[in-house]
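Given the structure is predicted, the values throughout are model-derived calculations rather than measurements. Atom set for the values below is all heavy atoms of this structure, side chains included, hydrogens, waters and symmetry mates excluded. Letters A, B, ... mirror the listed sequences (proteins, then strands); counts begin at 1.
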Amino acid sequence: MRLDNMLLAEGVAGPEKGGGSAAAAAAAAAAGGVSPDNSIEHSDYRNKLSQIRQIYHSELEKYEQACNEFTTHVMNLLREQSRTRPVSPKEIERMVGIIHRKFSSIQMQLKQSTCEAVMILRSRFLDARRKRRNFSKQATEVLNEYFYSHLSNPYPSEEAKEELAKKCGITVSQVSNWFGNKRIRYKKNIGKFQEEANIYAVKTAVSAAQSGGDSPNTPSSAGTPRYPSEGTGSQQHPLLWGRSSWEPPLPTTSASCWNRSSQELPPQPAPLPCSLQRPLLGLE
DNA sequence: AGACATGATTTCTA
DNA sequence: TAGAAATCATGTCT
């Protein structure tokens with residue numbers, strides 16, 4: 001029964017019209033992404049689902065036919081036997097019951113394997129990792145601008161995340177993912193990001209100079225040359241992220257760690273690891 | 001084809 | 001429960 005329900009829900013069993021499209025739409029919605037080529041993948045999903053559906057129905061038909069044929073065959077046999085021995089209606093009923101049970105268990109297997117096929121298709125369709133798309137250049141730019149102009153505390157608030165998400169045309173959780181990835185990758189390899197940081201520092205500085213104020217997305221904080229001083233007033237590199245005392249794997253360059261607690265409290269001028277004593281971003 | 005980049009997921013922790 | 005860290009899976013570049 002559960003298998004039946006599932007096949008019905010997936011549009012494999014049940015009426016042909018629109019079969020699967022609802023499920024595909026639901027799957028697409030669950031996937032969360034609003035990719036431009038969604039319709040392509042959507043139709044791909046539908047095609048595959050209708051393939052499964054076709055196989056399922058043709059197999060089902062075959063089984064039903066075979067079941068009927070076998071039943072009549074057995075009935076004929078019993079009829080023949082009734083000439084030589086008494087065959088009660090009860091016996092006939094029993095035989096038919098056995099045959100039907102056998103065939104329904106075969107049908108069950110068919111349903112089960114169809115369900116599996118649908119699940120695999122669905123998981124492929126839904127698995128966001130499989131359909132990962134890089135963000136647009138403009139979106140990455142917006143995120144990077146925010147990140148580098150908040151280097152001292154790259155933890156956007158919920159509102160900031162929402163605003164960034166809106167600007168970038170992505171979801172809030174994608175923004176969170178992006179910042180999570182960015183923070184960890186930045187910390188792991190600051191050297192590699194210095195050039196990028198410098199570029200955004202210049203950008204922010206230029207746009208600040210042009211607008212004669214803060215850049216629109218960095219209302220309260222300073223851009224990179226002005227950057228890390230967000231709240232600290234310190235000229236030291238105040239990067240102190242990381243909820244636990246994070247130690248850089250290679251304390252060669254101006255390593256840093258962020259402190260989650262620094263989100264709530266204005267960053268303390270405080271105990272920077274010696275590795276933070278040098279200015280960051282190759283601006284020394 | 002392989003290396004690297006990057007978005008998403010999983011696991012763990014405070 | 002948000003974030004760190006590790007890892008996965010795909011995209012992109014050479």
Enumerate donor-acceptor pairs with a distance under 3.5 Å from any side-chain N or O in residues 58-67 of chain A to protein atoms, sequence neighbours excluded.
from	atom 1	to	atom 2	distance (Å)
S58(A)	OG	I55(A)	O	3.2
E59(A)	OE2	K62(A)	NZ	3.1

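Q174(A) has no side-chain polar atom (N or O) that falls below the 4.0 Å cut-off from OP1 or OP2 of dG7(B). Side-chain N/O atoms of Y186(A) include none lying less than 4.0 angstrom from OP1 or OP2 on dT6(B). Taking 4.0 angstrom as the limit, K187(A) places a side-chain polar atom (N or O) nearer than this to OP1 or OP2 of dA5(C).
Remark: N134(A) pairs with R132(A) by the side-chain hydrogen bond (donor to acceptor under 3.5 Å, both in side chains) rule, at least two apart or across chains. Under the side-chain hydrogen bond (donor to acceptor under 3.5 Å, both in side chains) criterion, R85(A) pairs with Q81(A), E91(A), not counting sequence neighbours. The side chain to side chain contact (heavy atoms under 4.5 Å, CB included) test applied to M108(A) returns L3(A), not counting sequence neighbours. Applying the ring-ring contact (aromatic ring centres under 6.0 Å, His included) rule to F179(A) yields the partners Y146(A); only residues at least two apart in sequence or on another chain are considered.
Comparing the start and finish of the helix from dA1(B)-dT14(C) to dA14(B)-dT1(C), five pairs each, the helix axis swings through 10°, to the nearest 10 degrees.
Distances from the side chain of K192(A) to the nucleotides dA5(B), dA8(B), dG11(C) place dA5(B) closest. Each of dA6(C), dT12(C), dA4(C) was ranked by its minimum atom distance to the side chain of N134(A); first place goes to dT12(C). Comparing dG7(B), dA6(C), dG3(C) by their closest approach to the side chain of R132(A) singles out dG7(B). Candidate nucleotides dG11(C), dA4(C), dT9(B) were compared by shortest atom distance to the side chain of R183(A), and dA4(C) ranks first.
Heavy-atom distances to DNA chain C give each of K161(A) and N181(A) a nearest nucleotide, and the one nearer the 5′ end belongs to K161(A). For the pair R185(A) and G180(A), both in contact range of DNA chain C, the more 5′-proximal nearest nucleotide belongs to G180(A).
Hydrophobic cluster membership differs between L77(A) and F70(A), with clusters built from Ile, Leu, Val, Met, Phe, Trp and Tyr side chains linked at under 4.5 angstrom.
Distance CZ (F135(A)) to P (dT12(C)): 13 Å, rounded to an integer number of Å.
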